[in-house]
Amino acid sequence: MTDSELLKDGERIDDLQCNGFRIIQNPAHFCFGMDAVLLANFTTGKKSGRGMDLGTGTGIIPLLMLAKSKAASFTAIEIQEHMADMAARSAELNGVSDRLKVITGDICNIVKHRKTNLRSDDPDGSSSAESDINDKTIDVPRESCDIVTSNPPYIVDNGGLQNPKDSINIARHEILVKLEDIVEAASYLLKVGGCFSMVHKPFRMAEVFSIMKKYSLEPKRLQMVQPREGSEPSVFLVEAIKGGRSGLKLLPALNVYNTDGSYTRELLAYYN
């Protein structure tokens, strides 16, 4: 299909400035921001790895991970059908539909299905499971992924400012999925030694670390992102290893802007 044939009303194609990859977005709905780009660059990956992106939106993180050869394939789950549809068409746009599978579904159902389908002789859930996501059964075997990523909703329930568009609220607020749901699903999906990468807000850092440890995900790399040198961090990037030993490496803070308001060299390098 041609580019124009892949687009629906109100949509546009944006250049990701990374190995020729592009993405379909609709400005009337939630569009990716800097946080997703930073996470895709921060995340450790390997060319032969299999990844899963939880709450993929328009597919920005797996697209960038594939563009940078940080994984061989990705499965991306998104609960909002119109967003998942754009992500699937972006995979087609970039010729990676064979390496990026997009699923419309609820992350919570991975965990719910796991809990309700444990056999009495298998109390720890070591058998493979299937997840019924929006009445669509898919295979999600336990410990099948090398990489799990997520740029989750930051705001608890109804906290903070609300947006009149439900699709934007769902992306920003924990309306349909909670932090613990995402971390538990990541732990279930990851192989021992696999990495889970997330971007989140500093005011929830203690909660993020506590929940990660609860599900055997040991934080190993941490980077604060701040608007400019000396300012309070706006987000943090963390990578945890399933079954990893304790020991956290704190990376130098990433400054977004120079004193004159221009982007820093480090930030521009993330955007190639």
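Every heavy atom of this structure was used, including side-chain atoms; hydrogens, water molecules and symmetry mates were not. Here the structure is a predicted model, which means the values were calculated and not measured. Each residue takes its place number in the sequence, starting with 1.
In the hydrophobic cluster analysis, where Ile, Leu, Val, Met, Phe, Trp and Tyr join through side-chain heavy atoms closer than 4.5 angstrom, Leu66 is grouped together with Val37.
The local environment of CD in Glu5 is crowded, with over 12 non-hydrogen atoms from other residues, nucleotides or ligands closer than 6.0 Å. Atom CD of Glu266 sits in a crowded spot, with more than 12 heavy atoms from other residues, nucleotides or ligands closer than 6.0 Å. Atom CG of Asp260 has more than 12 heavy atoms from other residues, nucleotides or ligands within 6.0 Å. Around atom CD of Glu229, no more than 12 heavy atoms belonging to other residues, nucleotides or ligands sit under 6.0 Å away.
Taking 4.5 Å as the limit, every side-chain heavy atom of Asp53 sits out of range of all side-chain heavy atoms of Met65. Counting only heavy atoms from C-beta outward, the side chains of Val199 and Leu38 never approach each other to under 4.5 Å. Residues Ile13 and Leu6 have side chains not in contact (no heavy-atom distance under 4.5 Å, counting atoms from C-beta outward). Side-chain contact between Phe209 and Val238 is present, with heavy atoms from C-beta onward closer than 4.5 Å. Counting heavy atoms from C-beta outward, Arg12 and Leu7 have side chains that stay 4.5 Å or more apart.
For Ala88, the side-chain contact (heavy atoms from CB on, under 4.5 Å) test picks out Val102, with sequence neighbours left out.
Rounded to the nearest 0.5 Å, atoms CD1 (Ile23) and CZ (Phe32) are 5.5 Å apart. In this structure, CG on Asp35 lies 6.5 Å from NZ on Lys201, to the nearest 0.5 angstrom. Between the CD1 atom in Ile211 and the OG atom in Ser187 there is a gap of 12.5 Å [rounded to 0.5 Å]. Put simply, SG on Cys195 and CG on Leu217 are 10.5 Å apart, with the number rounded to the nearest 0.5 Å. The distance from atom CG of Leu237 to atom CG of Leu251, rounded to the nearest 0.5 Å, is 9.0 Å. To the nearest 0.5 Å, the span separating OG on Ser90 from CD on Glu92 amounts to 10.0 Å.
Checking side-chain atoms of Lys220 against main-chain N and O of Lys249 turns up no donor-acceptor pair under 3.5 Å. The closest donor-acceptor contact from the side chain of Thr104 to the backbone of Ala84 lies at 3.5 Å or more, if one exists at all.
Salt-bridge annotation for Glu207 and Arg204: present, with a side-chain N of the basic residue lying under 4.0 Å from a carboxylate O of the acidic one.
A side-chain contact (heavy atoms from CB on, under 4.5 Å) with Thr58 holds for exactly one of Glu11, Gln25, His29; it is Gln25. Partner Arg22 forms a side chain to side chain donor-acceptor pair (under 3.5 Å) with one of Asp3, Asp14, Asp15 and no other, that one being Asp3.
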